[in-house]
Amino acid sequence: MNIIESAGKPILEIKNLSKDFGNNRVLTGIDLTVYEGEIIGYIGPNGAGKSTTVKIMLGLIDDYNGQITIFGENIAAGDQTYKKRIGYVPETADLYENLTAQEYLVFIGELYGMEAEEADWKALKLVRLFEIDNVYHTRIASFSKGMKQKVLIISSLLHNPDLLFLDEPLSGLDANSVMVVKEILAQLAAQGKTIFYSSHIMDVVEKISHRIVLLSEGKLVADGSFEELKQQNIEGSLEEIFNQLTGFDRHKQIAEEFTAIVQGDRKNGQL
Amino acid sequence: MGNFNILKVVDRGKGLFTKLGIDYPVMRTILQVKLTMDRRRIPTILDNNRSKNKKGDANQFLKSLWVYGFIGLVLVPFLFFTESYLFPMSIVFGILMFMLMTSMISDFSQVLLDVRDKSILHTRPINKRTINAAKIVHVGIYMFYLTAAITAVPLAVSAFVRGIGFFFTFLGLIILMNMLIIVMTALLYLLILRFFDGEKLKDIINYVQILLSVAIVVGYQLVIRSFELIDFELFFTPQWWHVFLPPVWYGAVFELLLTTNISGILVLFAAMAILLPFLSIYIYIQSIPAFERNLEKLLNHAAPKKKRSAFFCKRIAQMICSDKEERAFYHFARLMMKNERQFKLKVYPTFGFSLIFPFIMIFNELRMSSWEEISSGKSYMWVYFAALMISTIIMMLRYSENAKGAWIYKGLPIHNIKSLSRGTLKAFMIHMYLPVFSILSLALMLVFSVSILFDLIVVFLASSVYVIVCFKLINGDKLFFSEPFEMAQQQDTAKVIASFFLLGAMVGIHFLVSFLNYGIYGYGALLLAINLLLWKKAL
């Protein structure tokens, strides 16, 4: 019944992935296969192990158990060339802010093996479309959050990657830019690119993802399209499914206590 | 992005790097970017203008090299000891190692510990060896500049005084020592990060920076004095426990190569000097993965601090602050002064000077007069050195690493913003000035007996008046903790110098009054009255 699997060949395969930090088990037996052209909504509560998984796939963490194959290659082999076809937008806006946008983008392009002129030409075109060309030669340190985010997005796409890891890519963007980026993602997927999309904003994940993977306490607790998840669970929206699957049902109670404390005061002994 | 001549030097090693499995063009690109960023180390919050950038593209570090050149002069006298090599050269390497190690920690920690590299470089298709090589070469370039600045004059002098054989031994050992220092620093960080978190490491780096700036100023004093040392006879025989003193290893190499003295222990030391740098590089390469893993810790915020009871602070605040708002600002300022690393870096060294200078001055007098004469004299007036730091610190209190947080002054319904100045100045007096002043006073009372106690109290009262005058003079109506440190330019130097003259006048008054019968008591009472008036009305 799975329409998605027929969409293409596997790009990314995770087999029995586990990871400990000291005595703390962060990931337990993750199995996941991602196919060409899929947009995976990768969700889970804070500390569920989402960014650890992405860091492992990007080779930032190398002592894990299990096997990860990207583009048909085991990434533990030590060959970094698979990263040529990957683009990454980190959650924290890590940039060398003392560089100008132009210098930074050309530098990143060069790291991906592009010629400086080509990277510059391409970056300038993209910067124009994002309407930040007026600050192309300005140091990133002075940029607003949204402008930095645009630079990050461009830097992740400059080399025309086949697999994208995006961690909260819309943060700081205004509503118009959000529409543009969402549309870009849809079109990239239609062209056969694979997108790994992590976010806490459930409405967006619900709308753009072909398939949703939910991680909770280091385990995969759900994997399927939004429709499939809806059939398996009684709740309506992804947000509610999220709450249900992560075993969280106290939001009302917590909110009540919270507002009571805000209103109360110690002397009158309301609490 | 500019071109760097130093990269052309690095280009010479292209073949070697390529042989080591390093992607040379990529490493060069990374280095070019890193060097460009270093030139812009002074953040440009104010000038985003492109043409301005070009002018500002001068490496602040390179401009400060002459200071190190001057420090290097301290080594020169030791090159004139002709009877022995072991002792003077051990001293030379001791000083060099201290200078290089501390500046390595204080200036290049940013390079070794840059966590942005993780997400920017490690996620791209570059092999790790290339990234690490870029890091080491980057640090190496600066160590080269720094070492060259410190050792240029001593090296030249050594070639003339001791001959060419000595010169090349010296040069070779300096290179070996640099290798050892770079790797040892990295291993030291590895060890610290193994047991502590990133915040602790940042604190340690902060304190090393403070230590370094005190050492440099005290070093100036030593430069002047060290030339007097030439007459001393310095000689020692190596002991087994000297094996724990790395500088002695280097001294031993000179002894072995340039004299006929040979002993087992000297050979052992010399072997350590030559082999250990290579061994430590091997260990370092082995532990790079562990280093990278622990670097993650820098991103994590510290484990929650144990809550210490601030009982005394609360009581003091109750006593000296007139209302709730002032008390809140008092605690706020106390915590800001305690936690802001930039502030500590700029201010703590002046504490060191305040504590050390009175004694340097007294020892200077010791050459001309006897101990008895001094201890019955008025040299304790040097205690005013403690007050000398007040104007600079009050100016520094204007700045903060998180100056943007100052929106609360305007955004919150604060009754009277003057509570901010009152609370902050009181916190400064109690938590910074009083401890330094007390330590200095105790030390001076050991020299001058307890009879100077009342004079010291008068000095404290006088400084308390001085604090308010400085605040009015220098800060005017500028708010505390409200400007970024980058704004701290020389703009207020004139005012600070004016405040020094004022302090000089106050010392003069104190001095004159002390000749009158009971004059000091009258002066004390007057100061107390002025204090009460100023702290109530002027703020």
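Every value quoted in this text rests on a predicted model; they were computed, and no experiment measured them. Lettering of chains follows the sequences in order, A, B, ..., and the numbering in each one begins at 1.
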Check: [Y] and [X] side chains under 4.5 Å, non-hydrogen atoms:
X	Y	result
B/Gln32	A/Phe107	no
B/Val33	A/Tyr104	no
A/Tyr82	B/Pro125	no
A/Ile86	B/Thr123	no
A/Leu99	B/Met37	yes
B/Leu121	A/Tyr96	yes

Option from A/Asp94, A/Asp167, A/Thr92 for which side-chain hydrogen bond (donor to acceptor under 3.5 Å, both in side chains) with B/Ser119 holds: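 Going through A/Asp94, A/Asp167, A/Thr92 one by one, the side-chain hydrogen bond (donor to acceptor under 3.5 Å, both in side chains) with B/Ser119 is satisfied by A/Asp94 alone.
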
If you look at every heavy atom in A/Glu97 and B/Arg116, which pair is closest and at what distance?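 Closest approach of A/Glu97 to B/Arg116, heavy atoms only: N-NH1, 3.7 Å.
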
From B/Ile120 atom CD1 to A/Leu95 atom CG, the distance as rounded to the nearest 0.5 Å: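 CG of A/Leu95 is found 5.5 Å from CD1 of B/Ile120.
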
Rounded to the nearest 0.5 Å, what's the gap from OG1 on B/Thr29 to CD on A/Glu110? Could you check?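 Going from OG1 on B/Thr29 over to CD on A/Glu110, the span is 4.5 Å.
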
Can you tell me if A/Lys83 uses its side chain to pair, donor with acceptor, with the backbone of B/His122 under 3.5 Å?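 Yes.
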
So does A/Glu131 have more than 12 non-hydrogen atoms from other groups sitting under 6.0 Å from CD?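 Atom CD in A/Glu131 is not packed in, count stays at 12 or less.
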
Near A/Glu217 CD, under 6.0 Å, is it more than 12 heavy atoms from other residues, nucleotides or ligands?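 Counting neighbours around CD of A/Glu217, 12 or fewer heavy atoms of other residues, nucleotides or ligands fall under 6.0 Å, so no.
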
Less than 3.5 Å apart, any donor N or O on the side chain of B/Arg124 or A/Tyr112 sitting next to an acceptor on the other?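 There is such a pair (donor and acceptor under 3.5 Å, judged by atom type) between the side chains of B/Arg124 and A/Tyr112.
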
Check each atom of A/Asp79 against the heavy atoms of chain B and say whether the ones under 4.5 Å are side chain, backbone, both or neither.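 Nothing of A/Asp79, per the 4.5 Å heavy-atom cut-off to chain B.
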
With a 4.5 angstrom heavy-atom cut-off, which part of A/Ile108 approaches chain B: side chain, backbone, both or neither?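 It is the side chain, since no backbone atom gets that close.
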
Residue B/Asp23 versus chain A: region with a heavy atom under 4.5 Å: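 Answer is neither: B/Asp23 stays 4.5 Å or more from chain A.
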
